[in-house]
J.: 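The structure that follows is given in the form of structure tokens.
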Amino acid sequence: MHNDDLYPTRLKEPMEPFLRKDPVIHARNEYRWTGPLDEEALSRYERDGFLWFEGFFSYDRVQPFFQELVDMAKNEELMRSDKVISDPNSGRIRSVFDMHRISERFDKLTRDPRILGMVRQLLGSEVYIHQSRINDKFGFEGSGFQWHSDFETWHSEDGMPRMRAVSASIMLTDNNEFNGPLMLIPGSHHYFVPCVGETPEENWISSLKRQDTGVPDKDNLAMLAKRGGIQAPKGPAGSLLLFECNTLHASNENMSPWPRSNLFFVYNSLSNTLHEPYAAPGRRPNHLGNRDEESALCMHDDFPELSGQGVPNLS
Ligand code: 6CS
Ligand code: FE
């Protein structure tokens with residue numbers, strides 16, 4: 001049992017939500033961690049828990065990534081691996097984890113200087129990839145995702161100690177109001193919502209198909225949605241969503257003929273590496289919660305000498 005568990009969850013009895021114990025932006029006034037986000041963007045991220053960049057990448061820049069996903073679906077060995085989660089209804093691909101290790105193209109994208117510059121600015125440190133995945137929703141059949149905080153899962157099942165991680169989601173297809181776009185509750189990241197229900201053995205085998213444990217109760221979801229509303233950013237393939245690890249989000253099933261494929265890179269601060277799970281019987285596989293941070297360190301390619309060495313001496 002952890003004595004440093006600031007965010008108790010997966011409890012036997014209900015517990016009221018409480019204000020987060022971590023800053024949203026981790027190094028606001030430290031010169032070392034300045035970056036491309038201006039004060040207006042930083043304030044919006046701090047207030048809402050996410051930032052939306054419509055058309056961040058051009059269609060031509062992201063099309064090869066979507067095409068690689070289509071080609072991967074023909075790789076029978078990969079499709080049988082535990083990194084691929086099938087849709088509980090259709091049996092087709094729902095998620096592919098560890099994309100940065102499967103594909104060089106995806107790996108390089110984790111170090112895109114514009115994304116990395118914003119992520120290091122928000123987390124105030126060097127960063128590594130905690131988890132990467134593609135969530136895929138084929139037309140007329142892609143299932144949805146229950147309301148949840150990613151941090152609640154990463155804390156309870158992966159041992160992530162503090163709220164110092166951010167997800168970068170790149171839309172590989174258009175996200176419109178019909179094909180199951182991600183929905184977020186602005187401001188929900190300010191509160192930790194403890195969940196009732198202990199984590200079953202090897203929970204991830206079912207939770208990645210349909211999450212039953214670690215889903216906030218409806219009263220707390222309603223309270224936070226009444227305070228902050230619900231937003232579902234929409235835009236063309238190539239758009240980028242940055243969202244804080246504790247921002248509540250969900251998505252509906254895809255009832256349209258159009259596919260919805262989104263790529264997610266989860267950046268964790270190098271000062272926030274994983275402990276033992278805070279509320280689960282055992283660790284999850286490394287492709288869900290990476291414990292080899294050195295192998296997934298994200299350094300600007302033009303500063304290879306910085307890799308793993310912190311700040312260069314300026315003499
Ligand atoms: O368990 C996880 O890590 C995954 N589950 C959800 C619903 N979102 C975050 C992550 O992909
Ligand atoms: Fe999630």
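All ligand and atom numbering here is 1-based and tracks the order in the structure. Here the structure is a predicted model, which is why all the values come from computation and not from measurement.
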J.: Report yes if some heavy atom in the side chain of Arg227 is under 4.5 Å from a heavy atom in the side chain of His190; otherwise report no.
T.: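 Contact flag for Arg227/His190 side chains = no.
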
J.: Quick one: report the N, O or S atom of Asp150 that is nearest to the Fe ion (ligand 2).
T.: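 It is OD1, the N, O or S atom of Asp150 closest to the Fe ion (ligand 2).
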
J.: Would you tell me whether Ser95 and Arg133 have side-chain atoms, one donor and one acceptor, within less than 3.5 Å of each other?
T.: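 No, Arg133 and Ser95 have no side-chain donor paired with an acceptor closer than 3.5 Å.
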
J.: What's the shortest heavy-atom distance between Asn254 and Arg260, and which atoms?
T.: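 Shortest heavy-atom contact: ND2-N, 4.0 Å.
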
J.: Is a donor on one side and an acceptor on the other found under 3.5 Å between the side chain of Asn290 and the backbone of Asp292?
T.: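 Confirmed, Asn290 side chain pairs with Asp292 backbone.
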
J.: Would you mind writing out a table of all protein N or O atoms found under 3.5 Å from any N or O atom of ligand 1, naming both atoms and giving the distance to 0.1 Å?
T.:
from, atom 1, to, atom 2, distance (Å)
ligand 1, 1 (O), Arg284, NH1, 2.9
ligand 1, 3 (O), Gln131, NE2, 2.9
ligand 1, 3 (O), Trp154, NE1, 2.9
ligand 1, 3 (O), Arg284, NH2, 2.9
ligand 1, 8 (N), His148, NE2, 3.2
ligand 1, 8 (N), Asp150, OD1, 3.0
ligand 1, 11 (O), Gln131, OE1, 3.1
ligand 1, 11 (O), Arg133, NE, 2.8
ligand 1, 11 (O), Arg133, NH1, 3.4

J.: Could you identify the N, O or S atom of His249 positioned closest to the Fe ion (ligand 2)?
T.: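 Distance check against the Fe ion (ligand 2) picks out NE2 in His249.
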
J.: Can you see whether Phe56 has Arg61 sitting over its ring - NZ or CZ less than 6.0 Å from the centre and within 45° of the normal?
T.: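 No; the conditions do not both hold, so Arg61 does not lie above the ring face of Phe56.
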
J.: Do you know the tightest heavy-atom contact between Ala165 and Asn268?
T.: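 In terms of heavy atoms, the two residues are closest at CB-OD1, 3.8 Å.
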
J.: Would you confirm whether Asp87, through its side chain, and Ser143, through its main-chain N or O, come within 3.5 Å as a donor-acceptor pair?
T.: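 Yes, because the side chain of Asp87 sits within donor-acceptor range (under 3.5 Å) of the backbone of Ser143.
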
